[in-house]
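See structure below.
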2 protein chains.
Amino acid sequence: MTFEHPDREDLDLSAVLHALSDPQRRRIVAELAAGEEPRPCGSFAPGITKSTRTHHFRVLREAGLVEQWKEGTSKMSRLRRDDIDARFPGLLDSVLGSKAVAQV
Amino acid sequence: MTFEHPDREDLDLSAVLHALSDPQRRRIVAELAAGEEPRPCGSFAPGITKSTRTHHFRVLREAGLVEQWKEGTSKMSRLRRDDIDARFPGLLDSVLGSKAVAQV
DNA sequence: GGCTTAGTTCGATGGGCATCGTACCACAAA
DNA sequence: TTTGTGGTACGATGCCCATCGAACTAAGCC
């Protein structure tokens with residue numbers, strides 16, 4: 001089963017910035033950017049409820065920041081860095097920059 | 001009369017990203033970045049009400065994106081590009097990049 | 001078939017936000 | 001001093017959002 005992922009050309013800057021404006025989501029994105037292995041959703045953002053996590057991942061996915069797919073019983077996530085970089089060059093790097101991430 | 005402007009060290013990434021996630025505010029920021037002369041608030045974002053414009057400028061000011069001061073009967077605004085660039089290098093440039101601005 | 005594990009869905013809650021209109025304030029010009 | 005102009009304050013409206021718990025689903029394992 002797949003989910004709706006916006007095409008690269010359809011990425012909306014407002015949606016991306018809004019998705020990145022939440023500290024929890026920014027933390028997820030930072031973790032995804034750090035370790036390059038796709039990981040199940042459950043291994044992110046400890047301390048928040050499952051349903052809240054589901055919500056955050058949907059926001060990230062619908063903004064086009066992450067790609068998700070099912071693998072067995074868990075759901076994997078990958079950062080769509082290439083697409084984001086193509087549409088908004090430098091944005092992800094600046095948001096994930098050292099000072100910025102420290103502020104998560 | 002002055003207004004509360006956050007210090008450079010107190011700039012909050014979440015607040016900045018949230019402020020930039022609104023198309024109207026992004027348009028204001030883009031106009032401020034384009035013409036380097038400070039301009040009165042009223043000359044921005046035609047088509048929205050005065051009160052809405054006041055609201056947007058307050059969000060931008062409290063996020064630390066613009067500096068404002070009174071000059072006679074009007075209120076001038078200036079983009080705090082130096083502070084933003086110092087805290088979040090590359091962020092403003094990527095948000096105001098050609099593709100990005102075209103999407104405003 | 002049952003149990004477990006990983007996520008989703010749903011409803012609720014509390015809060016914030018973008019927008020508006022109207023009333024108000026401060027300053028300047030006539 | 002009166003009038004106009006640029007901007008603020010306030011209240012209302014309608015919407016969206018972050019968070020939670022509880023009930024549910026789907027996939028694997030015993």
Side-chain angles (χ1 to χ4, degrees), chain A residues 1-5 12-32 37-78 103-104, chain B residues 1-5 12-32 37-78 103-104:
Chain A
M1 177 195 183
T2 44
F3 313 88
E4 67 269 27
H5 293 87
D12 177 45
L13 181 55
S14 294
V16 169
L17 291 176
H18 169 248
L20 290 173
S21 76
D22 183 273
Q24 299 282 9
R25 286 194 291 262
R26 214 158 54 237
R27 186 150 64 113
I28 293 175
V29 170
E31 290 187 33
L32 274 170
E37 327 297 325
R39 285 162 51 190
C41 297
S43 65
F44 293 94
I48 63 176
T49 319
K50 288 194 299 179
S51 44
T52 303
R53 191 160 34 218
T54 298
H55 162 69
H56 283 318
F57 269 100
R58 183 178 35 178
V59 173
L60 289 172
R61 173 166 43 84
E62 291 179 352
L65 279 161
V66 307
E67 180 192 350
Q68 296 190 282
W69 65 97
K70 291 199 88 171
E71 213 164 270
T73 142
S74 43
K75 197 167 185 178
M76 311 301 278
S77 295
R78 181 188 71 86
Q103 210 186 72
V104 168
Chain B
M1 174 197 187
T2 44
F3 313 88
E4 69 270 26
H5 292 88
D12 177 43
L13 181 56
S14 294
V16 169
L17 290 176
H18 168 249
L20 290 173
S21 77
D22 183 274
Q24 301 281 9
R25 286 194 291 262
R26 216 157 54 238
R27 186 151 63 112
I28 293 175
V29 170
E31 290 186 34
L32 274 170
E37 328 297 327
R39 286 162 49 191
C41 297
S43 65
F44 292 94
I48 64 176
T49 319
K50 287 196 298 179
S51 42
T52 303
R53 190 160 34 219
T54 297
H55 162 69
H56 283 318
F57 269 100
R58 182 177 36 177
V59 173
L60 289 172
R61 173 167 41 85
E62 291 180 352
L65 279 162
V66 307
E67 179 193 350
Q68 297 190 280
W69 66 95
K70 290 199 88 169
E71 214 164 271
T73 143
S74 42
K75 197 168 186 179
M76 311 301 277
S77 294
R78 179 187 73 87
Q103 209 187 72
V104 170

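Lettering follows sequence order; numbering is per chain, from 1.
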Donor-acceptor pair present, T54(A) side chain and dG7(C) base, under 3.5 Å: no

K75(A) side-chain N/O to dT8(C) phosphate OP1/OP2 under 4.0 Å: yes

Report yes if some heavy atom in the side chain of Q24(B) is under 4.5 Å from a heavy atom in the side chain of T52(B); otherwise report no. no

Does a side-chain N or O of T49(A) approach OP1 or OP2 of dC20(D) to a distance below 4.0 Å, or not? yes

Spacing of H18(A) atom NE2 relative to dC15(D) atom P, expressed in whole Å: 17 Å

Any side-chain heavy atom of R58(B) sitting closer than 4.5 Å to one from Q68(B)? no

Taking 4.0 Å as the cut-off, does a side-chain nitrogen or oxygen of R58(A) come that near to OP1 or OP2 on dT9(C)? no

Among dA18(C), dT19(C), dG21(C), the one nearest Q24(B) by side-chain distance: dT19(C)

Answer yes or no: does a side-chain N or O of T52(B) lie under 4.0 Å from OP1 or OP2 of dA18(C)? no

Within this structure, what is the CZ-to-P distance between F57(A) and dG7(C), rounded to whole angstrom? 8 Å

Figure out the CH2/P separation between W69(B) and dG6(D), and round it to whole Å. 18 Å

Toward the 5' end of DNA chain D, by each residue's nearest nucleotide, M76(B) or R25(A): M76(B)

What about K50(A), does its side chain sit under 3.5 Å from the base of dG7(C) through a donor-acceptor pair? yes

Does I48(B) reach the side chain of H56(B), with side-chain heavy atoms less than 4.5 Å apart? yes

What is the separation between atom NZ on K70(A) and atom P on dG7(C), rounded to the nearest whole Å? 9 Å

Correct closest heavy-atom pair for V66(B) and F57(B) would be CG2-O, 4.3 Å

Between atom CG of D22(B) and atom CG of L60(B), what is the distance when rounded to the nearest 0.5 Å? 8.5 Å

May I have the distance from D22(B) (atom CG) to dC16(D) (atom P), rounded to whole angstrom? 14 Å

If I take atom CG in residue L17(B) and atom P in nucleotide dG16(C), what distance separates them, rounded to the nearest angstrom? 19 Å

Can you check whether any acceptor in the base of dG7(D) is under 3.5 Å from a donor in the side chain of T73(B), or vice versa? no

Spacing between I48(B) atom CD1 and dG21(C) atom P, to the nearest angstrom: 12 Å

Please state whether the phosphate of dT19(D), meaning OP1 or OP2, lies under 4.0 angstrom from any side-chain nitrogen or oxygen of H56(A). yes

Which sits closer to the 5' end of DNA chain D, H55(A) or E71(A), going by the nucleotide each is nearest to? H55(A)

